[in-house]
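For this chain, numbers begin at 1 and follow the sequence in order.
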Amino acid sequence: MSARLADVIGVLDEAYPPRLAQSWDSVGLVCGDPDDPVESVTVAVDATAAVVDEVPDGGLLLAHHPLLLRGVDTVAASTAKGALIHRLIRSGRSLFTAHTNADAASPGVSDALARALGLTVEAVVEPLPAVTDSDKWVIFVPPESADAVRAAVFAAGAGVIGEYSQCSWSVTGTGQFLPGDAATPAIGSVGAVERVAEDRVEFVAPARARRQVLAAMRAAHPYEEPAFDIIALTASPTDVGLGRIGTLPQPEPLRDFVSRVNAGLPKTSWGVRAAGDPDMPVSRVAVCGGAGDSLLDAVAAAGVQAYVTADLRHHPADEHRRASEVALIDVAHWASEYPWCDQAAEVLRSAFDDALPVRVCPVRTDPWNIDNIAGGPHT
């Protein structure tokens with residue numbers, strides 16, 4: 001049994017929308033024909049030679065880190081990454097990447113990390129700014145002309161909310177105006193204050209359709225100078241973005257929480273290191289899968305006692321500790337993102353059930369492989 005690659009991509013794009021990716025990132029299909037069948041999916045953090053060895057012929061490798069993140073001018077088989085691309089294509093294997101879009105998605109990489117540590121997620125550390133492309137329109141029109149104005153703006157693309165069209169709201173009130181000497185009023189006389197019944201008609205419309213909606217409204221409105229407002233809508237807060245804030249079932253000392261992190265994540269040469277008061281009670285924690293020192297300021301203001309992330313550098317960590325009491329727990333980059341592999345696998349299993357075998361690659365792709373304490377290589 002198998003599924004089309006295009007169908008798998010559709011599920012992944014819904015779970016990890018490409019629009020959430022950072023502008024510098026490279027996500028999506030790297031190699032493979034969307035019309036081809038996919039015999040299996042293997043999920044990993046990195047697309048390395050050892051990981052590719054684990055992908056059956058005709059299978060898809062879903063990787064978190066892009067293989068071709070930086071600009072390249074060759075994928076020749078004589079280059080390390082080019083050789084992998086050639087191996088994949090020759091065997092009918094495909095490669096798909098979900099990187100910063102998976103970081104920001106809900107649930108995403110940091111949700112998986114929080115779950116591995118036994119945290120209940122409550123909030124996003126740094127929410128992505130929501131994008132809105134809608135306007136709220138308010139038009140004042142004589143009641144007898146309201147239906148004609150509504151019909152005109154609806155035809156121009158206004159009044160759509162989700163799966164509903166021709167949406168509007170209206171109420172009747174009293175309008176007042178004084179026509180000037182050069183006016184040619186449809187109602188009333190020059191120099192005389194006029195009070196008339198008017199409907200206040202409200203609806204939403206795409207911001208990109210402002211010109212068309214305005215032209216349609218003016219053409220259908222009986223007034224020489226219609227009264228109207230266009231209000232750019234502010235987006236509602238989102239549940240997507242970088243990092244998560246979660247709570248423990250009950251408070252525990254920092255030293256115990258560090259042990260929890262060590263037990264909850266796969267072992268690496270990097271291990272787990274921490275900075276803070278070992279006896280400090282920890283109940284609310286921020287986490288960020290991958291390199292997370294860019295969130296240190298946001299974490300300091302988030303009302304948490306500890307922050308779990310990866311790749312913390314000396315100077316940012318030192319500055320943070322001088323200014324904040326939030327403890328730092330630094331883990332290996334690969335280890336912080338590996339829990340996402342199970343999450344992504346479950347997304348696909350839920351979508352395809354037995355029609356598509358999905359497995360998490362057990363190969364550790366953490367580049368650090370020698371433990372200074374043990375003095376030998378990790379296997």
Side-chain angles (χ1 to χ4, degrees), residues 22 24-25 45-46 64-66 69 99-100 102-104 108-119 121 123-127 241-248 252-340 364-373 378:
Q22 298 289 316
W24 50 263
D25 201 5
V45 175
D46 300 283
H64 179 51
H65 290 149
L69 179 58
H99 190 210
T100 54
D103 290 333
V109 172
S110 292
D111 295 280
L113 174 57
R115 181 178 180 181
L117 304 183
L119 298 168
V121 172
V124 180
V125 175
E126 188 176 77
L242 300 180
R244 296 293 185 268
I245 296 171
T247 56
L248 289 166
E252 58 189 39
L254 176 61
R255 62 164 56 87
D256 291 348
F257 180 69
V258 174
S259 296
R260 172 192 290 267
V261 175
N262 186 60
L265 298 181
K267 299 298 181 287
T268 62
S269 300
W270 187 272
V272 176
R273 56 185 185 176
D277 178 359
D279 296 319
M280 179 182 66
V282 174
S283 60
R284 199 162 185 260
V285 180
V287 302
C288 179
D293 60 11
S294 66
L295 299 183
L296 284 172
D297 287 344
V299 165
V304 300
Q305 292 86 44
Y307 178 38
V308 182
T309 190
D311 296 345
L312 286 177
R313 296 170 294 159
H314 174 92
H315 292 295
D318 177 60
E319 292 298 324
H320 169 85
R321 290 293 299 147
R322 291 171 188 265
S324 172
E325 295 183 357
V326 177
L328 299 178
I329 297 94
D330 189 29
V331 303
H333 191 119
W334 171 82
S336 73
E337 295 177 330
Y338 188 70
W340 169 80
R364 192 182 73 180
T365 57
D366 181 34
W368 310 106
N369 69 328
I370 298 177
D371 188 328
N372 286 330
I373 297 176
H378 279 269

- Message: What verdict does the side-chain contact (heavy atoms from CB on, under 4.5 Å) test give for Ile245 and Val285, after you've listed the backbone C-alpha separation in whole Å, the side-chain angles of each residue and the deciding distance to 0.1 Å?
- Response: CA-CA 6 Å; Ile245 296 171; Val285 180; over 6 Å; no
- Message: Before you tell me yes or no, could you show the steps for Val282 and Val304 under side-chain contact (heavy atoms from CB on, under 4.5 Å), namely the whole-Å CA-CA distance, both residues' side-chain angles and the distance that decides it to 0.1 Å?
- Response: CA-CA 8 Å; Val282 174; Val304 300; over 6 Å; no
- Task: List the steps, then state whether side-chain contact (heavy atoms from CB on, under 4.5 Å) holds for Leu254 with Asp279.
- Result: CA-CA 6 Å; Leu254 176 61; Asp279 296 319; over 6 Å; no
- Query: Are Val258 and Val272 close enough, and set up right, to give a side-chain contact (heavy atoms from CB on, under 4.5 Å), and what steps lead you there?
  - Reply: CA-CA 8 Å; Val258 174; Val272 176; 3.9 Å; yes
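Under the side chain to side chain donor-acceptor pair (under 3.5 Å) criterion, Glu252 pairs with Arg260, not counting sequence neighbours. With sequence neighbours left out, Ala323 forms a side-chain contact (heavy atoms from CB on, under 4.5 Å) with no residue at all. When the side-chain contact (heavy atoms from CB on, under 4.5 Å) test is applied to Pro281, no partner is found at least two apart in sequence or on another chain.
Side-chain contact check for Leu295 versus Leu242: some heavy-atom pair is nearer than 4.5 Å. Counting only heavy atoms from C-beta outward, the side chains of Ser269 and Arg364 approach each other to under 4.5 Å. Val287 places none of its side-chain heavy atoms less than 4.5 Å from the side chain of Val125. Taking the side chain as every heavy atom from C-beta outward, Asp25 and Leu69 approach each other to under 4.5 Å. The closest side-chain heavy-atom distance from Asp366 to Tyr338 is not below 4.5 Å. Asn262 has its side chain within reach of Lys267: a pair of non-hydrogen atoms, C-beta onward, lies under 4.5 Å apart. For the pair Asp103/Thr100, a side-chain contact is recorded, criterion being any heavy-atom separation below 4.5 Å from C-beta on. Contact annotation: the side chain of Thr247 never approaches that of Val121 to less than 4.5 Å [non-hydrogen atoms, C-beta and beyond].
Arg273 places no side-chain N or O within 3.5 Å of a backbone atom of Leu328 that could act as its donor or acceptor partner. A donor-acceptor pair under 3.5 Å is absent between the side-chain atoms of Tyr307 and the main chain of Asp330, judged by distance alone. The closest donor-acceptor contact from the side chain of Thr309 to the backbone of Ala291 lies at 3.5 Å or more, if one exists at all. Proximity of a side-chain donor or acceptor of Thr268 to a complementary backbone N or O of Gly271 within less than 3.5 Å is detected.
Separation of the His65 and His333 ring centroids falls under the 6.0 Å cut-off.
The nearest pair of heavy atoms linking Ser110 to Arg244 is CB-CG, 3.6 Å. For Val326 against Ser324, the heavy-atom pair with the smallest separation is N-OG, 3.0 Å. Considering all non-hydrogen atoms of both residues, Ala335 and Leu265 come closest at O-CD2, 3.8 Å. Listed here is the closest heavy atom pair of Pro316 and Asp293: CG-OD2, 4.0 Å. The heavy-atom pair separating His320 from Ala300 by the smallest distance is CE1-CB, 4.3 Å. The minimum heavy-atom distance linking Arg284 with Gly303 is given by the pair NH1-O, 3.2 Å.
In this pair, His64 and Trp340 present their aromatic rings tilted. The plane angle is within the 30 to 60° band.
Using a 4.0 Å cut-off between charged side-chain N and carboxylate O, Asp111 and Arg115 make no salt bridge.
A distance of 5.0 Å separates NE2 in His99 from CH2 in Trp24, rounded to the nearest 0.5 Å. Atoms OG and CG, from Ser294 and Asp311 in turn, are 11.0 Å apart once rounded to the nearest 0.5 Å. Rounding to the nearest 0.5 Å gives a distance of 13.0 Å between OG of Ser336 and CD1 of Ile329.
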